[in-house]
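Structure, as structure tokens:
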Amino acid sequence: MALRFYNTLTRSLQEFHPVEPGIVGIYACGPTVYQLPHIGNYRTFLLNDLLHRYLQWKGYRVKFVMNLTDVDDRIIEQALARGVAIDEFTEPFIRGFFDDQQALNIRPADVYPRATRHVSEMVTLVERLLERGHAYLVDGSVYFAISSLPQYGRLSRIDLSHMRAGERVASDRYEKEDVRDFALWKAARDEDRRVGAVWPTAWGDGRPGWHLECSAMSMAELGESFDIHTGGEDLIFPHHEDEIAQSEGATGRPFVRFWLHVKHLLINGEKMSKSLGNDYTLRDLLQQGHSATAIRYLLLSAHYRKELNFTFDGLEDARAALRRLLDFQDRLERSPPGDEGGDSALPDLARTGLADFEAALDDDLNAPAALAALFTFVRETNAALDRGTAPAAHLEQVRHALRRMDEIFAVLDLARAEGQVDARFAAWVEERLAQRQAARARRDFARADAIRAELSAAGVLVEDTPQGPRWRREAPRTGPASA
RNA sequence: GGCCCCGUAGCCUAGUGGUAAGGCAGAGGUCUGCAAAACCUCGAUCCGGCGGUUCGAAUCCGCCCGGGGCCUCCA
């Protein structure tokens, strides 16, 4: 079956084939490290993770590049306010970003190029643009001349004709020939010097414009033409449009073949924004007792091109759905095998489950449809196991299918890690369970139920099975019920 | 104003021409000492509203209502 992606460039679903067979280059717009990423950023990062994991799952060799924007207006402003150099200012946010990536079980990129560490490539790119007549210099700043590139606007399909050339925009500190032009390089100001955001060039000291880093670093890591570029929908214009202009202007070659953009997240039905105070960071949510696995699951559970409404109720639902998957995995592990020569529906279920799962993801990474395939597989396998035992080899096939599917969603191990309890606590639980079993054996159910209540109060849920009692920590409330 | 997206059961989310998939929540049942888990059954006679195209539309077209995004540095 064929893998298809919705390409913003063509506004249509297109079969995906990498430039080099078997090898895929992906560039993802990463965080600007002036604050910790918020939950909306993570929707985008998790789409990247889904893409990254799925292409590897399909057998592609993937080179995944995610940049860190560690110099920009906001960073300079805030570094200035604190009286520190930009590197010192951004350092904790970079660390926080990596901590969060790990907490959400996001597969690391192969490279995380930082803008400040790749200025020479950017300068070279500006030189090429100047040489080719796509850029011009004004007072030490360099601008891209949009009029020099007829195909400008192809990605965003934006009509720039209503913006009048030559108009001076009051809020703009820099002088451009045409309002539509954008800065490739910004001449150094005093403030920039004070926070170490200055690099020397032939045309004077300054710092790179925002769009420039992505063109320079992506081409440095992946070549002048590469397969996939991702980002949030807000980046289509101007950021990605300008990246294309810079890159194609400099090389004369097509820059990116597939552009994938993630729709923005809503929170409780509202736009996420600082003024509403709903721009939660992962840290905020974890401190409120929410589970990273539930957050991961929830953010992956809607198709990336559709609006997703993030709510705390949704987080609870996600947790319950995860519980079902964990119980299923647990059941597979503890299911006693039947006769070797016996038959079961399991191999068939594993096969169709995986096929449906793959077909869903092939269709523009349709994660909700993939989850539907996963849960259908779970229900039907549970039903088959209710009907009777299966040979060990059959059990192994469904275990394998579940593992394969979880390579994409990557929630099972994460959830287990979250459910870990310390050994002393576990020993205490086991001791109480032994007491309870003794009480049950002498049919002293009042005593047995009292112990169960005691354990429940300690956050332990007891289940009696034909193989004896089992227990698990009851997932804690993942946050204030009123939230 | 320009460009674009969305509105599916109580909630969340797939489906985009052939009669609605999955999760959560809910009801009944099987199992259980009782529970829990699992399984079985039930739930949208219908997919914001109205009109149209079609043998046939949630899916295409038009209008209306409601929500959202982008339009120079917000993922």
Side-chain angles (χ1 to χ4, degrees), chain A residues 11 28-32 37-48 69 72-74 156-163 169 171-172 176 179-183 209-211 230-239 241-242 261-266 269-274 279 297-298 301-303 305-311 313-325 327-328 330-331 356 360 363 366-376 378-387 440 443-446 448-449 452 456 461-466 469-472 474:
Chain A
R11 305 285 153 102
C29 276
T32 300
H38 55 245
I39 202 71
N41 291 309
Y42 278 108
R43 179 179 200 194
T44 303
F45 298 160
L46 281 166
L47 178 268
N48 289 331
T69 300
D72 94 321
D73 289 354
R74 291 160 299 179
S156 57
R157 303 195 176 181
I158 208 152
D159 176 19
L160 292 175
S161 59
H162 64 280
M163 296 177 97
V169 177
S171 64
D172 206 310
K176 298 183 276 189
V179 272
R180 304 172 303 173
D181 292 347
F182 59 90
W210 175 37
H211 317 300
T230 70
E233 60 170 343
D234 58 302
L235 296 183
I236 295 172
F237 186 85
H239 185 53
E241 194 69 72
D242 291 349
H261 290 99
V262 184
K263 187 95 179 159
H264 275 185
L265 181 74
L266 294 181
E270 304 184 286
K271 181 180 178 169
M272 187 190 66
S273 75
K274 269 209 179 75
D279 56 329
Y297 181 94
L298 180 59
S301 67
H303 185 90
R305 281 192 292 116
K306 288 280 180 70
E307 218 162 57
L308 167 65
N309 188 13
F310 183 93
T311 65
D313 283 347
L315 230 34
E316 286 301 310
D317 291 353
R319 205 181 50 134
L322 286 167
R323 180 78 262 155
R324 182 166 162 80
L325 292 179
D327 281 340
F328 176 66
D330 205 49
R331 178 177 193 179
D356 291 348
D363 185 17
N366 193 335
L371 284 173
L374 167 58
F375 279 100
T376 299
V378 169
R379 175 168 38 74
E380 290 178 348
T381 303
N382 267 323
L385 290 172
D386 278 358
R387 285 195 298 271
R440 293 183 73 209
R443 304 193 63 80
D444 181 357
F445 294 121
D449 289 349
R452 187 165 63 192
S456 175
L461 181 71
V462 178
E463 296 181 0
D464 297 312
T465 76
R470 53 183 281 222
W471 65 277
R472 62 168 189 249
E474 245 171 344

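Because the structure is predicted, anything quoted here is derived from the model rather than measured. So you know, we letter chains A, B, ... as the sequences are listed, proteins then strands, and number each from 1.
Comparing B:A20 with B:A9, their P atoms sit 15 Å apart, to the nearest whole Å. Nucleotides B:G15 and B:C74 place their P atoms 31 Å apart, quoted to the nearest Å. Straight-line distance between the C1' atoms of B:A21 and B:A44: roughly 13 Å, to the nearest whole Å. Comparing B:C46 with B:A58, their P atoms sit 10 Å apart, to the nearest whole Å. Rounded to whole Å, the separation between the C1' atoms of B:U30 and B:G48 comes to 41 Å. For the P atom pair drawn from B:G28 and B:A36, the interatomic distance equals 12 Å after rounding to whole Å. A distance of about 12 Å separates the P atoms of B:C50 and B:U59, rounded to the whole Å. Of the P atoms belonging to B:G18 and B:C60, the separation is 11 Å, rounded to the nearest Å.
Checked against salt bridge (charged side-chain N to carboxylate O under 4.0 Å, His left out), A:Asp330 has the following partners two or more places apart in sequence or in another chain: A:Arg334, A:Arg470. Remark: A:Thr69 pairs with A:Thr32, A:Asn67, A:Asp72, A:Trp210, A:Glu213 by the side-chain contact (heavy atoms from CB on, under 4.5 Å) rule, at least two apart or across chains. By the ring-ring contact (aromatic ring centres under 6.0 Å, His included) test, A:Tyr297 pairs with no residue at all, sequence neighbours left out. In this view, A:Ala28 and A:Asn48, A:Phe64, A:Met66, A:Thr230 satisfy the side-chain contact (heavy atoms from CB on, under 4.5 Å) rule, not counting sequence neighbours. Every residue two or more places apart in sequence or in another chain that forms a side-chain contact (heavy atoms from CB on, under 4.5 Å) with A:Ala370 is listed here: A:Phe357, A:Ala360, A:Leu361, A:Phe409. For A:Asp279, the side-chain contact (heavy atoms from CB on, under 4.5 Å) partners at least two apart in sequence or on another chain are A:His38, A:Met272, A:Lys274. With sequence neighbours excluded, no residue satisfies side chain to side chain donor-acceptor pair (under 3.5 Å) with A:Asn309.
If you take CG of A:Leu235 and P of B:A75, they are 7 Å apart, rounded to a whole angstrom. Whole-Å rounding puts the A:Asp356 CG to B:G15 C1' distance at 14 Å. Taking atom CG of residue A:Leu385 and atom P of nucleotide B:A37, one finds them 18 Å apart after rounding to whole Å. One interatomic measurement links the two molecules: CG of A:Asp449 to P of B:A36, which rounds to 12 Å at whole-angstrom precision. Atom P of nucleotide B:U16 and atom NE2 of A:His303 are separated by 11 Å, given to the nearest angstrom. Atom CG in A:Leu298 sits roughly 12 Å away from atom C1' in B:C11 (whole-Å rounding). One atom, CZ of A:Arg331, and another, C1' of B:A38, lie 5 Å apart when rounded to the nearest Å. For the pair A:His264 NE2 and B:G68 C1', the computed distance is 11 Å after rounding to whole Å.
Across all strands shown, B:U54 has no partner, as no Watson-Crick or G-U wobble contact with both distances under 3.5 Å is found. Under the Watson-Crick and G-U wobble criteria, each requiring two contacts below 3.5 Å, nucleotide B:C42 is paired to B:G26. Pairing of B:C63, defined by two Watson-Crick or G-U wobble distances under 3.5 Å, is identified with B:G49. In this structure B:G17 sits in no base pair that meets the Watson-Crick or G-U test at under 3.5 Å. Using the Watson-Crick or G-U wobble rule with both distances under 3.5 Å, B:G33 pairs with nothing in any strand shown.
Each of B:U72, B:C73, B:C34 was ranked by its minimum atom distance to the side chain of A:Asp73; first place goes to B:C73. The side chain of A:Pro238 approaches B:U72 more closely than any other nucleotide in the set B:A35, B:A75, B:U72. Closest to the side chain of A:Asn382, out of B:G33, B:C39, B:A14, is B:C39. Distances from the side chain of A:Phe445 to the nucleotides B:C73, B:G68, B:G33 place B:G33 closest. Taking only side-chain atoms of A:Asp386, from C-beta outward, the nucleotide of B:G33, B:U13, B:C39 with the closest atom is B:C39. Closest approach to the A:Asn309 side chain among B:U13, B:C39, B:A75 is made by B:U13 (side chain taken as heavy atoms from C-beta onward).
If you check every strand for non-hydrogen atoms under 4.0 Å, A:Leu374 touches nothing. Counting any heavy atom pair closer than 4.0 Å across all strands shown, A:Gly40 reaches a base atom.
No salt bridge links A:Asp327 with A:Arg331; every basic N to acidic carboxylate O contact stays at or beyond 4.0 Å.
One finds the CH2 atom of A:Trp471 at 13.5 Å from the OG atom of A:Ser456 (value rounded to the nearest 0.5 Å).
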Protein heavy-atom contacts under 4.0 Å, written 5' to 3' over nucleotides 17-32 of chain B as B (base), S (sugar-phosphate only) or - (none), form the string -----SBS--------
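Side-chain contact between A:Thr376 and A:Asp356 is absent, with no heavy-atom pair separated by less than 4.5 Å. With a 4.5 Å cut-off on side-chain heavy atoms, A:Lys263 and A:Glu233 count as touching. Proximity of A:Lys271 to A:His264: side-chain heavy atoms (C-beta onward) are nowhere separated by under 4.5 Å.
Between A:Phe45 and A:Phe310, the one whose closest nucleotide on RNA chain B sits nearer the 5' end is A:Phe310.
In the interface, the side chain of A:Asp234 is not paired with the base of B:G69 through any donor and acceptor atom under 3.5 Å apart. A donor and an acceptor atom never sit less than 3.5 Å apart when one is taken from the side chain of A:Arg470 and the other from the base of B:A36.
Dashed line: the shortest gap from a side-chain N or O of A:Lys271 to OP1 or OP2 of B:A75 is not under 4.0 Å.
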Report each atom pair, protein N/O against N/O of nucleotides 4-8 of chain B, whose distance is under 3.5 angstrom.
none

